[in-house]
Protein chains: 2
Amino acid sequence: MTVTIKDIARKAGVSRTTVSRVLNDSGYVKDETRQRVLKVIKELNYTPSAIARSLSTNKSNTIGVIVPEINNPFFGEIIKGVGQVADEHNLNIILCNTDDDREKELKALKILKEQRIRGIIITPTYAEDQFNSEYLSTLENLGIPVVLLDGHVKYSNFSGIFIDHVKGAYDATKALIKAGHKKIAIINGRKNYKITVDRFKGYKKALNENNIFVEDKYVFYGDFEYESAYKITKHILKMNDRPTAVFVTSNMMILGSIKAFYEENINIPRDMAIIGFDKIDALNIIGMNISFVNGPTIEMGKVGMKMLIDNLDNKKSKEEIKRITLFPKLVLKGSEKFINNKCE
Amino acid sequence: MTVTIKDIARKAGVSRTTVSRVLNDSGYVKDETRQRVLKVIKELNYTPSAIARSLSTNKSNTIGVIVPEINNPFFGEIIKGVGQVADEHNLNIILCNTDDDREKELKALKILKEQRIRGIIITPTYAEDQFNSEYLSTLENLGIPVVLLDGHVKYSNFSGIFIDHVKGAYDATKALIKAGHKKIAIINGRKNYKITVDRFKGYKKALNENNIFVEDKYVFYGDFEYESAYKITKHILKMNDRPTAVFVTSNMMILGSIKAFYEENINIPRDMAIIGFDKIDALNIIGMNISFVNGPTIEMGKVGMKMLIDNLDNKKSKEEIKRITLFPKLVLKGSEKFINNKCE
DNA sequence: GTGAAAGCGCTAACAA
DNA sequence: TTGTTAGCGCTTTCAC
C-alpha cells in the first residue's frame, strides 16, 4: 500500500541501507547515487515512517504535554511557546487535556508511556498542591525527563520553570503605595497554596518596607474563581474603614471584583484602585485599562521546552534537576492610580 | 532497558504469542495462564509499546489536529471537544499549531504523515479562503480521512462540520428588530469570505422579512480584528442618521466596538443596542451583558471527531464525504434592547 | 490452548 | 562507497 524504503531501493537500484543513508545524511554516499535516490523518493512521494524509525532506533521524537484546561488561554499560550521550540527541534507534541480529573491524568501518563515519548511537560493546575502520590510515583517511574511549568517546588524531584510570585505581588503592591494608597486590600487565592502564600509574602514585604501595617481586615482569601472575589468585593465595599485599593491575585477573580464594582457604581480608579494578576485581554482592548501583573506564559512554554530538550540529551548523571525562575512583569494601565481622597 | 513482551513471556513461562493474546484479549488463553501473565505484567510494570504495535499492525492510534492559533480559546474549546471523544476511543492527538503560517501548515502535514496518523482534523483559519493549492493537494494525497471544522464548503473533497452562519446572523438581526430597531448596522468580516457573505445573507433576510430596506450606509466590512471595528464604530457614531443598533460579527471586533462606545460615552443599550458573534467570557462575567450568537465550539470538536472516527472505519467506498451543519445559538443578555427613542 | 516463525519499515554494525 | 544481516517489540498466520 504505502511506499516503503524497499520500494525506493528497488527502483533506484540500490540497497535499503543506501536509501537510509541519504535519508539521514549519514555515512558516505556518492553524489550521483544520492541524486538518483532522491529523485525516486520524489517520484514515489515517499515519506519515511517515524514509527519504524522509532522502533529501530529505540527513540521516538515525541514529547507529551499535559494541561488541565486546554480552553484556558493561559495554557494555550504555554502550549504555543512549547510548540515553537519543539518545532525547531523536530519534536512533536502529543497533547493530553485532563480537565483537572485525576483519572484522566493517570490515563494520560499511561498513554504517553505507551507512545514511548522522550520527555514530558506538565502544567499543574492550581490544585497542584493536591497532586496525588500515585500520579507522582507514576511520573517518576516513567524514567524520562519531566519539566514542571509553574509548579510547586515541593515536587523537588522534577525540573521546572517557576514564576516569582513574591516579586509579582511585591511590585503590584508597591505600585499602589506609590500611587498614594495606604489602605490596600488583597484578594488572594486559596489559603495554603504555594502561590497564595508567596503572593501574600510579596504584599506584606511591600507594605512593611513602607511602614504600613498589614491589617487582617484587609486580607481576604478566595478560591481563584470569580464568584469568590465577587462576594469578597461586595463585602469590602460595605466596610466602614474601607480600603482605597485592591490587589486581586488571579485573572478570573478580578472579573468578579469588577462585576461587584459595576453593580455598586464604583468607578475605577476614581473610587477604587485595582491591580490584577495575569492578563485579561478583553478588558484591556475595550479600554478598561486594568493594571495587572503579567505572568510570562509563552516564554514559560519556550524556556520549559528548552530545558526539557537539554535534559533529553543529558544522558550523563541520571538527570540533574534544574530550576529556572521567571519574573512576571507589572503592566500599569492607570487603574492603580490614586484619585479619590475622600476615604483618606 | 525497558521491559518487553519477551521478558514477560520468559518470566511467565509462556510464549510471546500468549502474552500478546492476554494483552489484546484475543484468542483462547486458559484462565490460569492469563492470571499468571497478568501478574508478571504488574510485577514488571510493563507497558506495551504502541510503536511496535503500530508497526506490526500497520495502524497507529494517533490522529492529527491542526489549528491556526492555539492560544485563542475558540480553538482551545474545539480541541477540548475533540479530545473528549478521542479519549473515549483511545485515540491520541498530535497537536500542530500553525500560527497561520503557510510553511508551518505544510510542515505539520509532513510530520503527521511521518507519524502515520489515522486521520486529521483541521480548523482552518479565517484566512481559509486562501488555502493554497499545495496544502490542499498534499492533504488529499495523504490518503487518510480528513475532517474540516467550520471550514469552507468549497473544499468539497473533504468531510466537515459547518456552522450555519446565515441562521446565526438572521437570529441576531431578528432579535434586534423585535426589540424595536429599524436602523440596524452590521460590522461584518472581510469581504468575499464565505462566512462574511453568509452572515450578510442572514442579516438581509431578517430585514427583508420585516420590510426593512438594507441601507448600504449601514453595511460595513472590517477584517475580524478589533481595530477595524473600532474605527468603523467611531464612524458610525458620527453619522447623521445613525443606526440604533449594531450587529458585530466576530468576538474580536465587538471588543473594538465597545471600546469606541466607551470613549464616546455611549451607554449600551440605552444609546446603542449591540449583538456580537461568538462569546467573550470576560465581558459577561463582569456584567456587561452583551448579547451574542454562540458558535458551538466544544460540540463542533466532538461532532467532528466522531465523524472522523466513522470515516476511519469506513474502509468501503473510498470514503464518503459527509457534512454536518451545526446551528449557533442566540444568547440574549439585554444589550439588544431598545431603550432609546430619540433617534427614531 | 499454546507456540514457532515470519514480518511490519527502518537502522546499524560489520563486511566487502 | 555500498551491501548483508540482524534486530527493534509487537502481531499474526499456521501448525500442533
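We name chains A, B, ... by the order of the sequence lines, and we start the count at 1 in each one. This structure is a prediction, so every number in the text was calculated from the model and none was measured.
- Contact annotation for Val19(B): no contact, since no heavy-atom pair falls under 4.0 Å across all strands.
- Lys6(B) places its NZ atom 16 Å from the P atom of dG3(C), with the value rounded to the nearest Å.
- Within 6.0 Å of NZ in Lys302(B) there are 12 or fewer heavy atoms belonging to other residues, nucleotides or ligands.
- As a whole-Å value, the separation of Lys59(B) NZ from dC10(D) P is 18 Å.
- The base of dA12(C) has none of its N or O atoms less than 3.5 Å from a complementary donor or acceptor on the side chain of Ser56(A).
- Phosphate contact (OP1/OP2 of dC10(C), side-chain N/O of Arg16(A), threshold under 4.0 Å): absent.
- Backbone-only contact: Thr4(B) has heavy atoms under 4.0 Å from sugar-phosphate atoms and none from a base.
- Atom CG of Leu55(B) is separated from atom C1' of dG9(D) by 9 Å (rounded to the nearest Å).
- Annotation: of the two residues near DNA chain C, Ala52(A) and Tyr28(B), the 5′-most nearest-nucleotide partner is Tyr28(B).
- Note: CD (Gln35(B)) to C1' (dG1(C)) measures 15 Å, nearest angstrom.
- Between the side chain of Arg21(A) and the base of dG3(D), a donor-acceptor pair under 3.5 Å is found.
- Between dT2(C) and Thr18(B), no contact under 4.0 Å exists linking OP1 or OP2 to a side-chain N or O.
- Close to dG3(C), at under 4.0 Å from its OP1 or OP2, lies a side-chain N or O of Ser15(B).
- Residues Lys80(A) and Asn97(B) have side chains that never bring a donor and an acceptor to within less than 3.5 angstrom of each other.
- Here the nucleotide nearest the side chain of Thr2(A), chosen from dT2(C), dG9(C), dC10(C), is dG9(C).
- Among the protein residues, Ser49(A) comes within range of the sugar-phosphate backbone only, with heavy atoms under 4.0 Å from sugar or phosphate atoms but none that close to a base.
- Atom-to-atom distance recorded for Thr98(B):OG1 and Tyr135(B):OH is 6.5 Å, nearest 0.5 angstrom.
- Under 4.0 angstrom from either OP1 or OP2 of dT11(C) there lies at least one side-chain N or O belonging to Ser20(A).
- Looking at Thr17(B), its side chain comes within 3.5 Å of the base of dT12(D) through a donor and an acceptor atom.
- Between the side chains of Thr17(B) and Ser20(B), no donor-acceptor pair is found at a separation under 3.5 Å.
- Within the 3.5 Å criterion, the main-chain N or O of Asp101(B) finds no donor-acceptor partner in the side chain of Asp99(B).
- Checked by distance alone, Arg34(B) brings no side-chain donor or acceptor within 3.5 Å of a matching partner on the base of dG1(C).
- Dashed line: the shortest gap from a side-chain N or O of Thr33(A) to OP1 or OP2 of dT2(D) is under 4.0 Å.
- One can place CD of Glu32(A) at 13 Å from C1' of dT2(D), the figure rounded to the nearest angstrom.
- No engagement by Ser54(A) is indicated, since no non-hydrogen atom pair under 4.0 Å with the nucleic acid exists.
- Between the CZ atom of Arg10(B) and the P atom of dG3(C) there is a distance of 14 Å, rounded to whole Å.
- Distance, Ile5(A) CD1 to dT2(D) C1': 14 Å, rounded to whole Å.
- What you find for Ser159(A) and Asn311(A) is that their closest heavy atoms are OG-ND2, 3.4 Å.
- Ser26(B) comes within 4.0 angstrom of nothing in the nucleic acid, heavy atoms only.
- Between the CG atom of Asn24(B) and the C1' atom of dT12(D) there is a distance of 11 Å, rounded to whole Å.
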